[in-house]
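Data block below; observations after.
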Protein chains: 2
Amino acid sequence: MPEDRLSTTLSALADPTRRAILARLSLGEASVGELAEPFEMSLPAVSKHLKVLERAGLISRGREAQWRPCRLEAAPLRDVNSWLDSYRGFWEEKFDRLDAYLQELQKVDPDAETN
Amino acid sequence: MPEDRLSTTLSALADPTRRAILARLSLGEASVGELAEPFEMSLPAVSKHLKVLERAGLISRGREAQWRPCRLEAAPLRDVNSWLDSYRGFWEEKFDRLDAYLQELQKVDPDAETN
DNA sequence: TTTCTAAAAAACCTTTCAGTTAAATAACCT
DNA sequence: AGGTTATTTAACTGAAAGGTTTTTTAGAAA
């Protein structure tokens, strides 16, 4: 199973704990212990989540004494965005149709739904 | 386990088969059989993938005789985009830094890497 | 050297996931 | 009714995910 990069990235992102970790890292580097602190799970569990994020390239790690500071990496997020971009037209069009529909409703019956 | 919506959406997207199905649907409605055709897996397997996409709200299904046409739904993709948006600044900044660095390299040694 | 702290690895368990084949539904077509 | 077509459901399997506790590793500090 040669799992493709985008799948690896998306499945890494499909976990609230991991997304919370990324959110924390968007504020700056942090050690494993610091990252684990807000969660009720064990430290090894957090360590595993970090490994998943690292395999996906979403974070990288340094070495500083006995700490291994983590930092957010931009590339995979940019890749998700590029993939998503090909659907942007689609959802914008949907939005436009909805908008037009609502405008049409107003024209036909200006007082409807105006509570 | 009250799985949150974004996690459900992302894990639905974290599969190449399911993304291929969405790509096909971005071209227009299709039946289960039509969607299954390009894949080497069994029809029930595709049916399961569709169920995952449906649970995530990424597709919806109609009824037309013995066919159940699927169509792409925009909302969850828009939601992923919104979430991603909060990181956009981050990766753009990274890109800018890289760009600045490359410009700096050129200034210092205009002939370097110009093969 | 011993001891403390930060983190990772190992071993294990339970649940979920992605696929299979075989059987059941449902709607159409004689 | 009986048969064909489209799709879902059921029952099963193997592998991966996400957690646990216990054991190692690695460096700092004594």
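Naming convention: chains lettered A, B, ... in sequence-line order (proteins, then strands); numbering from 1 in each chain.
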Can you name the side-chain contact (heavy atoms from CB on, under 4.5 Å) partners of A:Ala75, sequence neighbours left out? A:Arg78
Return each pair, listed once, that meets side-chain hydrogen bond (donor to acceptor under 3.5 Å, both in side chains) where at least one residue sits in residues 61-70 of chain B; pairs must be two or more places apart or across chains. B:Glu54-B:Arg61
Tell me the ring pair (Phe, Tyr, Trp, His ring centres under 6.0 Å) pairs involving residues 18-54 of chain A, sequence neighbours left out? none
Considering residues at least two apart in sequence or located in another chain, which fulfil the salt bridge (Lys or Arg N to Asp or Glu O under 4.0 Å) criterion with A:Arg19? B:Asp4
Length of the line joining B:Leu35:CG and D:dT7:P, which is rounded to integer Å: 9 Å
About how many Å separate CD1 of B:Ile21 and CG of B:Asp15, when rounded to the nearest 0.5 Å? 8.0 Å
Value in whole Å for how far the P atom of D:dT25 lies from CZ of A:Arg63: 15 Å
Sequence neighbours left out, what passes side-chain contact (heavy atoms from CB on, under 4.5 Å) with A:Val52? Give chain and number order. A:Ala12, A:Arg18
Pull out every residue in residues 10-28 of chain A that has a heavy atom closer than 4.0 Å to any atom of DNA chain D, ordered by number, or say none. A:Asp15, A:Arg18
Not counting sequence neighbours, which residues clear side-chain contact (heavy atoms from CB on, under 4.5 Å) with B:Thr8? List them please. B:Glu3, B:Ala56
For A:Glu64 and D:dA26, what is the distance between atoms CD and P respectively, to the nearest whole Å? 19 Å
Using the side-chain contact (heavy atoms from CB on, under 4.5 Å) criterion, which residues pair with B:Glu37? Sequence neighbours excluded. none
Between B:His49 and C:dC17, is there a side-chain N or O to OP1/OP2 distance below 4.0 Å? no
Base, backbone or nothing for each nucleotide of nucleotides 3-13 of chain C, written B, S, -, heavy atoms under 4.0 angstrom, 5' to 3'? ---SSSB-B--
Compare side-chain N and O positions of A:Ser42 against OP1 and OP2 of D:dG19 and report whether any pair is under 4.0 Å apart. no
Take atom CD of B:Glu40 and atom C1' of C:dT20, then tell me their distance rounded to the nearest Å. 15 Å
